[in-house]
Amino acid sequence: MPTPTGPHLCYALAARQNARHLSRLYDNHLAPAGLSVSQFSILSLLEAYQSLKITSLAEMLSMERTTLVRALKPLQAAGWVVAGRTSGRAFDVTLSPSGVAKVSEAVPLWENAQAAIEREVGQDRAVRMRDEILELNLGG
């Protein structure tokens, strides 16, 4: 019997399709705060940890350092994030007071996005999905 093939069996395609759907849903919910889900994730991590080395933040986000530096530029321009060089190429990233306010503004919108996913797939399934993805720890 031949091995089944086709794009519908591709793990990467399935993951990307679902990731794009989730990103669009979160982006739509966060739009009134002027944030994308990627930006919200960065701001939320900075709020939780107060100050992070750029390399640590990049690792937490599973991003290349240079990609993160580019993603931080609009957040810095908006005055929500402050970056300060500590030594050599290393620098710390912190949330400014206006960044803290931006996270506070966005949290209810993010909570609405969470609830929308739970309505779409069911709360138990949404929690299982997140937990299974975290348990896989691919690339981590």
Side-chain angles (χ1 to χ4, degrees):
M1 174 191 270
T3 303
T5 60
H8 62 284
L9 297 175
C10 178
Y11 300 120
L13 177 60
R16 286 176 181 229
Q17 287 171 328
N18 282 281
R20 282 191 282 273
H21 175 76
L22 288 170
S23 291
R24 274 192 305 273
L25 185 141
Y26 279 88
D27 287 348
N28 289 337
H29 277 83
L30 291 165
L35 293 173
S36 68
V37 69
S38 297
Q39 293 170 325
F40 178 77
S41 297
I42 292 168
L43 296 178
S44 295
L45 282 170
L46 290 175
E47 182 183 45
Y49 290 91
Q50 281 83 48
S51 179
L52 287 167
K53 298 246 180 272
I54 189 82
T55 52
S56 298
L57 182 57
E59 286 173 13
M60 290 175 161
L61 292 163
S62 296
M63 292 176 79
E64 295 293 326
R65 183 184 178 280
T66 55
T67 303
L68 177 58
V69 169
R70 282 192 305 276
L72 286 170
K73 287 186 183 193
L75 301 176
Q76 289 175 280
W80 301 328
V81 171
V82 178
R85 192 170 301 280
T86 55
S87 65
R89 287 185 47 190
F91 59 93
D92 290 337
V93 184
T94 58
L95 205 56
S96 70
S98 64
V100 172
K102 183 53 69 174
V103 172
S104 293
E105 175 190 349
V107 164
L109 303 171
W110 173 83
E111 289 171 342
N112 290 339
Q114 292 276 102
I117 292 297
E118 291 173 354
R119 283 190 304 276
E120 187 173 338
V121 301
Q123 183 179 23
D124 290 343
R125 191 172 190 189
V127 169
R128 278 195 320 272
M129 175 183 69
R130 182 204 54 224
D131 291 348
E132 286 182 21
I133 290 168
L134 290 172
E135 184 181 314
L136 285 172
N137 193 29
L138 296 176

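Closest approach of P32 and N28 over heavy atoms only: CD-O, 3.8 Å. Closest of all the heavy-atom pairs between L61 and S41 is CD2-CB, 4.2 Å. Of all heavy-atom pairs spanning H29 and A116, the tightest one is CE1-CB, 3.9 Å. Contact detail for L30 and A106: the closest heavy-atom pair is CD2-O, 3.8 Å.
Using a 4.5 Å cut-off on side-chain heavy atoms (C-beta onward), S38 and M63 make no contact. Contact annotation: the side chain of I42 never approaches that of W80 to less than 4.5 Å [non-hydrogen atoms, C-beta and beyond].
In this structure, CD in Q39 is found 10.0 Å from CG in L72, a value given to the nearest 0.5 Å. The distance from atom CZ of R125 to atom CD of E132, rounded to the nearest 0.5 Å, is 10.0 Å. Atom OG in S44 sits 9.0 Å away from atom CG in L95 (nearest 0.5 Å). Between the NZ atom of K73 and the CG atom of L75 there is a distance of 12.5 Å, given to the nearest 0.5 Å.
D27 contributes a side-chain N or O that, together with a main-chain N or O of V37, makes up a donor-acceptor pair within less than 3.5 Å.
The cluster map of Ile, Leu, Val, Met, Phe, Trp and Tyr, joined by side-chain heavy atoms under 4.5 Å apart, puts L43 and V82 in different clusters. Put simply, V121 and V127 are part of two different groups of oily side chains (I, L, V, M, F, W, Y) that touch within less than 4.5 Å, one to the next.
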Per-pair distances, 0.1 Å, donor-acceptor, side chain in residues 10-22, under 3.5 Å, sequence neighbours excluded:
residue	atom	partner	partner atom	Å
N18	ND2	A14	O	2.8
H21	NE2	E120	OE1	3.1
H21	NE2	E120	OE2	2.9

Identify all side-chain donor-acceptor contacts of residues 45-56 below 3.5 Å with residues at least two apart in sequence or on another chain.
residue	atom	partner	partner atom	Å
Q50	NE2	E47	O	3.3
K53	NZ	D92	OD1	2.9

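Contacts classified as side chain to side chain donor-acceptor pair (under 3.5 Å) and involving residues 98-116 (residues at least two apart or in different chains) are given here: Y26-Q114, S96-S98, K102-E105.
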